[in-house]
Amino acid sequence: MIIRRDFYLQQLIDGKQNGLVKIVTGVRRCGKSYLLFRLFYRHLIASGVSDDHIVKIALDDIESKPLRNALELYRHIKSKLTDGELFYVLLDEVQLVEGFEEVLNSLLRIENVDVYVTGSNSRFLSTDIITEFRGRGDEIRMFPLSLSEYCEGAGKSPHEAWKDYYTYGGLPHILTLTTDKKKTDYLTNLFESVYLVDVLERHRIKNESEMEELVRIVASGIGAPTNPTKLSNTFKSVKQVKVSPATIDRYLSFLQDAFMIEKSERYDIKGKKYISSLSKYYFTDIGLRNALLGMRQLEESHIMENIIYNELRRRGYKVDVGIVDRRSVDSSGKWRRHQLEVDFVVNVGNTKYYIQSALALPDEEKRQQEMASLMRISDSFKKIIVVKDDIMPWTDDNGIITVGLFDFLLKPDLP
């Protein structure tokens, strides 16, 4: 089974010989090693690079154990540079090398070396690596399989693949498993033995149960506005456990650094400012989220919203939650102020898109409900409603575009 991952491969190709370390980051098991050692390696060979000018080291291989010493690794790489032609250095699981930063910095000083690295676990999973190499590193952020990639790997149409995809997510290994139990067990074990352990060990967290419970609470409320104070109150009322908002805020930042969840901030569209009171959290892999909840709470509407968010982020967009004010008169004749939500404010350079996610629009009342916030935005940027139904994209008299989910996910240039 070969999944091309062309979106990421092209980023590596575009970064060739740019004088920076190409750093492939992302949640564990999303396909970073496969991208570098299979897909990019094949590209280099096909483009005429000879094999002896590709230094390929899998540092998690037992035969590479002596190279986990920084000086030994550097000397080994230097020994492979036998002439003045360009050499491509591909290092997988580089975080296993104590002091790998010195190795990468030293390699940057060699004119005929182009460096590419991946890493998982502990420190390399975090955004610290990007801070360490600011100005010297070119990050390629990798996500689990998109619906398009999942369909390619599964050999199925979007309609055939959708239920499995929104249930078990896009970690590539899922495609090799044949039963629902095996898929659920894989995701559950991955969280408990890999993701959670990485975060606990990296940040020396002693109270494992607090962190695990927080992840489950966030999983249960994807797409719902929240903040550390609200989550602290949930611990107190539901679990009878006191966890301070400050502690929860730190835990959430750890989960974000490990690429397990992402935070989408609220943005006042008319006031053009961020509102720090509440935010939304989405899971990088929806299958992991579902497994954490024992495959309960499989509400397709919330999951669809999370998948749309992930697709927008995969395309490299910054995504916020939009807020617009609405004023109305209540039964007593008093004016009341309400806030309406726009699911996604998508920023692409100097351009914006406003997107609503709606599982279905069965009648005009529901359509008006979804349009209400979009209708109160006065600028000329595109306003889009994404629905689960298969429909031809169309634009109404208000300029609001309605598009089907599969078209939206599979056609990046639409609308």
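- Salt bridge annotation for Lys280-Glu341: present, with a cationic side-chain nitrogen under 4.0 angstrom from a carboxylate oxygen.
- When the shell of 6.0 Å around CD of Glu111 is examined, it contains 12 or fewer heavy atoms from other residues, nucleotides or ligands.
- Residues Glu265 and Lys263 are in side-chain contact: their nearest non-hydrogen atoms beyond the backbone lie under 4.5 Å apart.
- No side-chain heavy atom of Val94 sits less than 4.5 Å from a side-chain heavy atom of Asp92.
- Side chain to side chain, Asn347 and Tyr353 fail the donor-acceptor criterion of an N or O pair below 3.5 Å.
- When every heavy atom of Gly99 is checked against every heavy atom of Ala70, the shortest pair comes out as O-CB, 3.8 Å.
- In the model, Thr402 has a side-chain atom that pairs as donor or acceptor with a side-chain atom of Arg367 under 3.5 Å.
- Counting non-hydrogen atoms of neighbouring residues, nucleotides and ligands closer than 6.0 angstrom, the CE atom of Met295 exceeds 12 such neighbours.
- Judged purely by distance below 3.5 Å, without hydrogens or angles, the side chains of Asp257 and His203 never pair a donor atom with an acceptor atom.
- Note on Lys318 versus Asp320: salt bridge recorded, some NZ/NE/NH1/NH2 to OD/OE distance being below 4.0 Å.
- Checked by atom type and distance alone, the side chain of Asn290 pairs as donor or acceptor with a backbone atom of Tyr166 at under 3.5 Å.
- Counting all heavy atoms, side chain and backbone alike, Ala161 lies closest to Cys151 at CB-SG, 3.9 Å.
- Side chain to side chain, Glu72 and Asn69 fail the donor-acceptor criterion of an N or O pair below 3.5 Å.
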Given side-chain contact (heavy atoms from CB on, under 4.5 Å), test Ile3 with Leu175 step by step and report yes or no. CA-CA 11 Å; Ile3 306 173; Leu175 288 170; 3.6 Å; yes
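- The side-chain heavy atoms of Lys388 and Trp162, taken from C-beta on, include a pair separated by under 4.5 Å.
- With rounding to the nearest 0.5 Å, the separation of OG in Ser64 from CG in Asp60 is 7.5 Å.
- Contact annotation: the side chain of Val21 never approaches that of Arg136 to less than 4.5 Å [non-hydrogen atoms, C-beta and beyond].
- In this structure, Arg315 is positioned above the aromatic face of Phe408, its NZ or CZ under 6.0 Å from the six-membered ring centre and within 45° of the axis.
- For the residue pair Asp249/Thr247, the side-chain donor-acceptor check at 3.5 Å is not satisfied.
- Between Val386 and Met304 the shortest heavy-atom distance is O-CE, 3.4 Å.
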Test Thr25 against Glu139 for side-chain hydrogen bond (donor to acceptor under 3.5 Å, both in side chains), laying out the working first. CA-CA 7 Å; Thr25 64; Glu139 182 187 15; 2.6 Å; yes
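- The main-chain N or O of Arg216 is never found under 3.5 Å from a side-chain atom of Ser220 such that the two would form a donor-acceptor pair.
- Two rings, from His159 and Phe406, have their centers less than 6.0 Å apart.
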Walk me through it: do Glu370 and Gln368 pass the test side-chain hydrogen bond (donor to acceptor under 3.5 Å, both in side chains)? CA-CA 5 Å; Glu370 294 294 340; Gln368 290 297 323; over 6 Å; no
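- Checking Asn105 against Glu101 by side-chain atom types alone, no donor-acceptor pair falls below 3.5 Å.
- Asp379 and Tyr354 are linked by a side-chain donor-acceptor pair at a separation below 3.5 angstrom, with hydrogens and angles left out of the test.
- Just one of Phe283, Tyr282, Tyr317 meets the ring pair (Phe, Tyr, Trp, His ring centres under 6.0 Å) condition when paired with Tyr309; it is Tyr282.
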Could you walk me through whether Asp268 and Tyr274 pass the side-chain contact (heavy atoms from CB on, under 4.5 Å) test, one step at a time? CA-CA 6 Å; Asp268 180 347; Tyr274 284 97; over 6 Å; no
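- Considering only heavy atoms from C-beta on, Glu149 comes within 4.5 Å of Tyr8 through its side chain.
- A salt bridge links Glu311 to Arg314: one of the charged nitrogens lies within less than 4.0 Å of a carboxylate oxygen.
- In this structure, Ile205 CD1 and Leu200 CG are separated by 5.5 Å, a value rounded to the nearest 0.5 Å.
- For the pair Thr118 (side chain) and Ser33 (backbone), a donor-acceptor distance under 3.5 Å is absent.
- For the pair Gln369 (side chain) and Glu365 (backbone), a donor-acceptor distance under 3.5 Å is absent.
- Arg289 has a carboxylate O that lies under 4.0 Å from a charged side-chain N of Glu299, or vice versa, which qualifies the two as a salt bridge.
- Checked by atom type, the side-chain pair His43/Lys16 shows a donor-acceptor distance below 3.5 Å.
- In this pair, Phe40 and Tyr116 present their aromatic rings tilted. The plane angle is within the 30 to 60° band.
- No donor-acceptor contact under 3.5 angstrom links the side chains of Asp343 and Ser357, judged on distance only.
- Between Arg68 and Glu98, none of the side-chain N atoms (NZ, or NE/NH1/NH2) sits under 4.0 Å from a carboxylate O, so this pair counts as no salt bridge.
- Within a 6.0 Å sphere centred on CZ of Arg4, other residues, nucleotides and ligands contribute 12 heavy atoms or fewer.
- Here the side chains of Ile174 and Leu187 are in contact, with some heavy-atom distance below 4.5 Å.
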Go through the steps to decide whether Asp325 and Lys270 satisfy the test salt bridge (Lys or Arg N to Asp or Glu O under 4.0 Å), and finish with yes or no. CA-CA 8 Å; Asp325 284 343; Lys270 290 188 176 181; over 6 Å; no
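- In summary, the side chains of Glu262 and Tyr281 do not present any donor paired with an acceptor at a separation below 3.5 Å, with no hydrogens or angles considered.
- Judged by a 6.0 Å distance limit and a 45° cone about the ring axis, Lys56 is positioned over the six-membered ring of Phe37.
- Looking at Lys22 and Asp114, a side-chain N of the basic residue comes within less than 4.0 Å of a carboxylate O on the acidic one, giving a salt bridge.
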Between Tyr41 and Asp51, does the side-chain hydrogen bond (donor to acceptor under 3.5 Å, both in side chains) criterion hold? Intermediate values first, please. CA-CA 9 Å; Tyr41 174 77; Asp51 188 66; 2.2 Å; yes
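- No more than 12 heavy atoms of other residues, nucleotides or ligands sit less than 6.0 Å from atom NZ of Lys80.
- Under the 4.5 Å side-chain criterion, counting only non-hydrogen atoms from C-beta, Val241 is in contact with Val243.
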